[in-house]
Number of protein chains: 2
Amino acid sequence: MFAEHTVDTNDVTPPPHPCETWPDNGRGFRETLDRIGDKWSVLVIGILSGGPLRFSTLHRRVPGISQRMLTLTLRHLERDGVVSRAVYAEVPPRVEYRLTPLGESLRATVHALAQWVTDHHEEIENARRRYGSV
Amino acid sequence: MFAEHTVDTNDVTPPPHPCETWPDNGRGFRETLDRIGDKWSVLVIGILSGGPLRFSTLHRRVPGISQRMLTLTLRHLERDGVVSRAVYAEVPPRVEYRLTPLGESLRATVHALAQWVTDHHEEIENARRRYGSV
DNA sequence: CCGTATCCCCGTAGATACTG
DNA sequence: CAGTATCTACGGGGATACGG
């Protein structure tokens, strides 16, 4: 997938590219990436990686998400096999969401992404200010 | 960041919170994530991680992107300090894009993401089929 | 070759109100 | 509590045509 190419700058030997074996040159990649790369999925996955949570708790922990979007996001993640949904026949009703094994396998990556964003948030802010108004 | 703890089945007792290191409880995270998490950025970053490329080459390598969206994506990445743009006064004109050091620091994460998607693409497809039509 | 400028569509997402 | 239902808007993004 991502091309094999040598960089002229110094000794930057890039780590081996994992994506050479892609069937349709990235379309499938994009398609799947859209699933976990939409507006809320990564955040929800990250929060659920701390353990199972019920709907309302999740709603409180995802800042700014609407009830509707949380529902939709969870449905999509459930459909894609990343999140599982358990309904407990109680009063009051209780629904718990948790990561499936597939979802768990995303933990490290999501955390890495979150870490990067955390580490470089300021840097990006500064770059944007330097760039001026766009 | 996202909590690493294990949760018992009832979440009555407040568990150690994810996102503790974020100033505004995740909003900044989402804000920054939107930048690199839009429709094309991750793909462009991944492809540029193979080395500098000119516009037309990039255009060919990002399957399905329109000229307009490639331009916009590159501008945003440039603004955020992830990509740099070099214009060479030649005939025919040549413009090269490459990752900045900040962009390079994203390489591992982007590749991890790409790897995950590659590894689990099929699995997700299957899950979606099992789930039925939505 | 490397873009900008326009037009326009349609999906995403918010607000609000209502149910099991 | 845990969702649906509906209505609406906003803007992302494609198609196309044109400029440097």
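Throughout, protein chains are lettered first and strands after them, A, B, ... in sequence-line order, and every chain is numbered starting at 1.
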[X] [atom1] to [N] [atom2]: how many Å, rounded?
X	N	atom1	atom2	value
A/R54	D/dC1	CZ	C1'	7 Å
A/F55	D/dT4	CZ	C1'	11 Å
B/L70	D/dA15	CG	C1'	16 Å
A/Q67	D/dA5	CD	C1'	12 Å
A/L53	D/dC1	CG	C1'	15 Å

Regarding B/R68, tell me which of base, sugar-phosphate or nothing describes its non-hydrogen contacts under 4.0 Å with the strands shown. base

Once you apply a heavy-atom cut-off of 4.0 Å, does B/Y88 come out as touching a base, just sugar-phosphate, or nothing? nothing

Five-pair end axes of the helix from C/dC1-D/dG20 to C/dG20-D/dC1 and the angle they enclose, rounded to 10°: 50°

Given that A/V95 and B/M69 both sit by DNA chain D, which one's nearest nucleotide is further toward the 5' end? A/V95

Between D/dA15 and B/S66, is there an OP1 or OP2 to side-chain N/O distance shorter than 4.0 Å? no

To the nearest 0.5 angstrom, please state how far the CZ atom of B/R75 sits from the CG atom of B/L70. 9.5 Å

How close do [X] and [Y] get, heavy atom to heavy atom, and via which atoms?
X	Y	result
B/V110	B/V42	CG1-O, 3.9 Å
A/R61	A/I47	O-CD1, 3.3 Å
A/I45	A/L99	O-CD1, 4.0 Å

For A/E125, side chain to side chain contact (heavy atoms under 4.5 Å, CB included) partners two or more places apart: A/H121, A/R128, A/R129, B/E31

Any cation-pi pair here, B/R79 with A/Y131, using under 6.0 Å and within 45°? no

Could you check whether atom CD of A/E122 has more than 12 heavy atoms from other residues, nucleotides or ligands sitting under 6.0 Å from it? no

Residue met sooner reading DNA chain C from 5', once A/I65 and B/R85 are mapped to nucleotides: B/R85

Donor-acceptor pair, distance only, cut-off 3.5 Å: does the side chain of A/S41 make one with the backbone of A/G37? no

First and last nucleotide of DNA chain C in contact with chain B, 5' to 3', at under 4.0 Å to a heavy atom: what are they? C/dC1 to C/dT6

Among side-chain atoms of B/H111 and B/S49, is any donor-acceptor pair under 3.5 angstrom? yes

